[in-house]
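Below is one structure, written out as structure tokens; the observations come after it.
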Amino acid sequence: MFESAELGHRLSKAEYDEIEPELRTRLLNAQFELLDQKGFATVILINGIDGAGRGETVNLLNEWMDPRHIEVHAFDQPTLEECQRPFLWRFWRALPPKGKIGILFGNWYSEPIGERALGRIKKARLDQRLSELNRFEAMLAAEGVLLVKFWFHLSRAGQKKRLKALEANPDTRWRVREADWLFYEEYERYREVAEHVLRRTSTGIAPWVIVDGSDPNYRAVQVGQTLLDSVQRKLEALGKGYRPRVTAPLLPTHVDQRNLLNALVLNQPMDKKTYERQLEKLQGRLALAVRSEAFARRSLVLVFEGMDAAGKGGAIRRVTQALDTRQYAVIPIAAPSDEERAQPYLWRFWRRIPREGKVAIFDRSWYGRVLVERVEGYCSEADWMRAYAEINDFEDQLVSAGAIVLKFWLSVSSEEQLQRFKAREAEAFKRYKITAEDWRNREKWPAYEPAVCDMIDRTSTENAGWVLVEADNKYFARVKILTSLVDMLESAIRK
């Protein structure tokens, strides 16, 4: 895989001086067109052999283009805060918005390559990580992100020559660390692992570009020209209104019209006295569980979805009454802001992931893509169809990092919803809870019902299951939610 990059490509100073002015001008023009259109973000991954000129090339790109619109992130060992969240969390936070260019050093490939080269993980685990990264990059590409992946390469002899040359120059010897020579001693092992990684992750939507790092002139022109071609091609496709063609099989329908929602018996019996007795016990168990030493090493993510006026707010309040206010955050989800629309869909949810010992309660959530966006036509069929797998991946990463994820769907009958709507309009302190959109959504319930059933079927997993809550009786609904939460939480922290 690295054969062409070891041929010793060269550009003379005269050749470079002839190419460089036009190349940097065209790059700058493409950057400003990208900034003006704001049609997509560009993410440049910088990886490769130590001494192959990665830093110099990034500095040159900042010199050639407007650095105010380039975000450079260098990732070292993760901080304590980063260690308490899924592996990809810190990279999500570094994604540039539409119109900007992000350059990521030490990105999501550095750790898997290093861990495998040092023998800390087995090949099967590496391949599992690479499959996860392929799905992550496919999701970014489907969201419109342009991924340009550079691997800067040197032969072993070339690396030795480069390190010695840097050490010999008083102005550059600071760049050579003891770790660079240790890496040189393990060169063949790193090369073997890197070759495997690049082969497994060079895909049609995000191929690797291998750069010969032995000559700075050739290296700069290859990187600059590759970036220019990639951006221009994407801008041209955007101008033509091109979208990748994606076909998906129709979701199944049930001939007998029976489904997960209409099979529920929504009016479950429970009187106030029983409710209050159960509530006190359950809140006490919840308080003890989240204050336990075992929970200090976990986090809790609760998702509340449901029909309008189904009682999500009341249920959330009964949960938070048992929690220390410093320990939880209730996160209401509404229409995305301009900042959030400039990022991939899941970006705004990744930002709110809790660290260890904390609780995040989402009042509506990432499921908006397969519910309101699907029904209202705010995204294409291809977008909401792929969202099921992307959401499952997201929740799997939360669980793998130690989070406990529990999702509630609250359902009420049409008659009960109507009664609650009218009660809200009649009470002055409840009027803020009812809007014209609520009445409009009520008329659209026949379109929402199959979307909800599809969502539950496709995203209720062994790691993050849905709890369907019969909510005509608010007392019953709150007790069922707390019982499910406490049982799962106690079971998880005992493991």
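A donor and an acceptor atom, one from each side chain of Thr25 and Glu22, are nowhere located under 3.5 Å apart. Residues Glu376 and Tyr448 have side chains that bring a donor and an acceptor to within less than 3.5 angstrom of each other. No donor-acceptor contact under 3.5 angstrom links the side chains of Thr226 and Asp229, judged on distance only. Side-chain contact, Glu339 with Gln343: no donor N or O sits under 3.5 Å from an acceptor N or O. Gln397 and Trp89 share no side-chain donor-acceptor pair at under 3.5 Å. Between the side chains of Glu395 and Thr461, no donor N or O sits under 3.5 Å from an acceptor N or O. Using modelled atom types, one finds a donor on one side chain and an acceptor on the other under 3.5 Å when comparing Asp127 with His196. Side-chain atoms of Arg219 and Thr57 form a donor-acceptor pair, as typed in the model, at a separation below 3.5 Å. His153 and Glu6 are linked by a side-chain donor-acceptor pair at a separation below 3.5 angstrom, with hydrogens and angles left out of the test.
The shortest non-hydrogen separation linking Thr203 to Asn134 is CG2-OD1, 3.8 Å. Of all non-hydrogen atoms in Pro344 and Met139, the two that sit nearest each other are CB-SD, 4.5 Å. Closest of all the heavy-atom pairs between Arg291 and Asp324 is NH2-N, 3.6 Å. The two residues Phe304 and Ala315 come nearest to each other via the heavy atoms CE2-CB, 4.0 Å.
Residues satisfying the side-chain contact (heavy atoms from CB on, under 4.5 Å) criterion with Arg129, sequence neighbours excluded, are Phe87, Glu111, Pro112, Arg125, Glu132.
Taking the side chain as every heavy atom from C-beta outward, Asp66 and Gln31 approach each other to under 4.5 Å. Using a 4.5 Å cut-off on side-chain heavy atoms (C-beta onward), Trp108 and Leu45 make contact.
In this structure, Trp350 and Phe394 have tilted ring planes: the angle between them lies in the 30° to 60° band. Between Phe136 and Trp92, the ring-plane angle classifies as tilted under the 30° and 60° cut-offs.
Geometrically, Arg458 engages Tyr388 in a cation-pi contact defined by less than 6.0 Å to the ring centre and at most 45° from the axis. Taking the ring centre of Phe40 as origin, the terminal cationic atom of Lys234 falls inside the region bounded by 6.0 Å and 45° from the ring axis. Geometrically, Arg369 does not engage Trp384 in a cation-pi contact defined by less than 6.0 Å to the ring centre and at most 45° from the axis.
A donor-acceptor pair under 3.5 Å is absent between the side-chain atoms of Glu115 and the main chain of Leu126, judged by distance alone. Although no hydrogens or angles enter the test, the distance criterion places no donor-acceptor pair under 3.5 Å between the side chain of Arg199 and the main chain of Ala194. Judged purely by atom type and a 3.5 angstrom limit, Glu15 uses its side chain to pair as donor or acceptor with the backbone of Ser12. With hydrogens and angles disregarded, a donor-acceptor distance shorter than 3.5 Å links the side chain of Gln327 to the backbone of Val290. A donor-acceptor contact shorter than 3.5 Å links the side chain of Asn107 to the backbone of Leu104. Proximity of a side-chain donor or acceptor of Arg189 to a complementary backbone N or O of Arg116 within less than 3.5 Å is detected.
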- Message: Checking Trp366 against Tyr345 for the ring pair (Phe, Tyr, Trp, His ring centres under 6.0 Å) test, could you report, in this order, the C-alpha distance in whole Å, the side-chain angles of both residues, the deciding distance, and whether it holds?
- Response: CA-CA 8 Å; Trp366 42 92; Tyr345 175 73; 9.4 Å; no

- Message: Between Tyr16 and Ile19, does the side chain to side chain contact (heavy atoms under 4.5 Å, CB included) criterion hold? Intermediate values first, please.
- Response: CA-CA 5 Å; Tyr16 177 78; Ile19 295 171; 5.9 Å; no

- Message: Please evaluate residues Glu356 and Arg298 with respect to the criterion side chain to side chain contact (heavy atoms under 4.5 Å, CB included), reporting the C-alpha separation (whole Å), side-chain torsions for both, the decisive distance (0.1 Å), and the verdict.
- Response: CA-CA 5 Å; Glu356 290 178 359; Arg298 307 295 294 270; over 6 Å; no

- Task: Verify side chain to side chain donor-acceptor pair (under 3.5 Å) between Arg10 and Ser214, making sure each step is shown before the conclusion.
- Result: CA-CA 8 Å; Arg10 291 286 184 273; Ser214 59; 3.0 Å; yes

- Task: Evaluate the ring pair (Phe, Tyr, Trp, His ring centres under 6.0 Å) criterion for residues Trp466 and Tyr367: first the C-alpha distance (whole Å), next the side-chain angles of each, then the deciding distance (0.1 Å), finally the verdict.
- Result: CA-CA 12 Å; Trp466 280 99; Tyr367 285 98; 4.9 Å; yes

- When you look at Tyr109 and Lys149, which way does the side chain to side chain donor-acceptor pair (under 3.5 Å) test go after all the steps? CA-CA 10 Å; Tyr109 286 103; Lys149 303 192 298 193; 3.3 Å; yes

- List the steps, then state whether side chain to side chain contact (heavy atoms under 4.5 Å, CB included) holds for Leu489 with Ile404. CA-CA 7 Å; Leu489 182 56; Ile404 301 162; 3.5 Å; yes

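Under 4.0 Å is where a charged nitrogen must lie from a carboxylate oxygen, and between Glu33 and Lys38 no such pair does. Under the 4.0 Å criterion applied to side-chain N and carboxylate O atoms, Lys13 and Asp215 are not assigned as salt-bridge partners.
Atom CD1 of residue Ile331 and atom CZ of residue Arg352 lie 4.5 Å apart, to the nearest 0.5 angstrom. Atom CG in Leu95 sits 11.5 Å away from atom CZ in Arg351 (nearest 0.5 Å). Once rounded to the nearest 0.5 Å, the distance linking CG of Leu140 with CG of Leu147 reads 5.5 Å.
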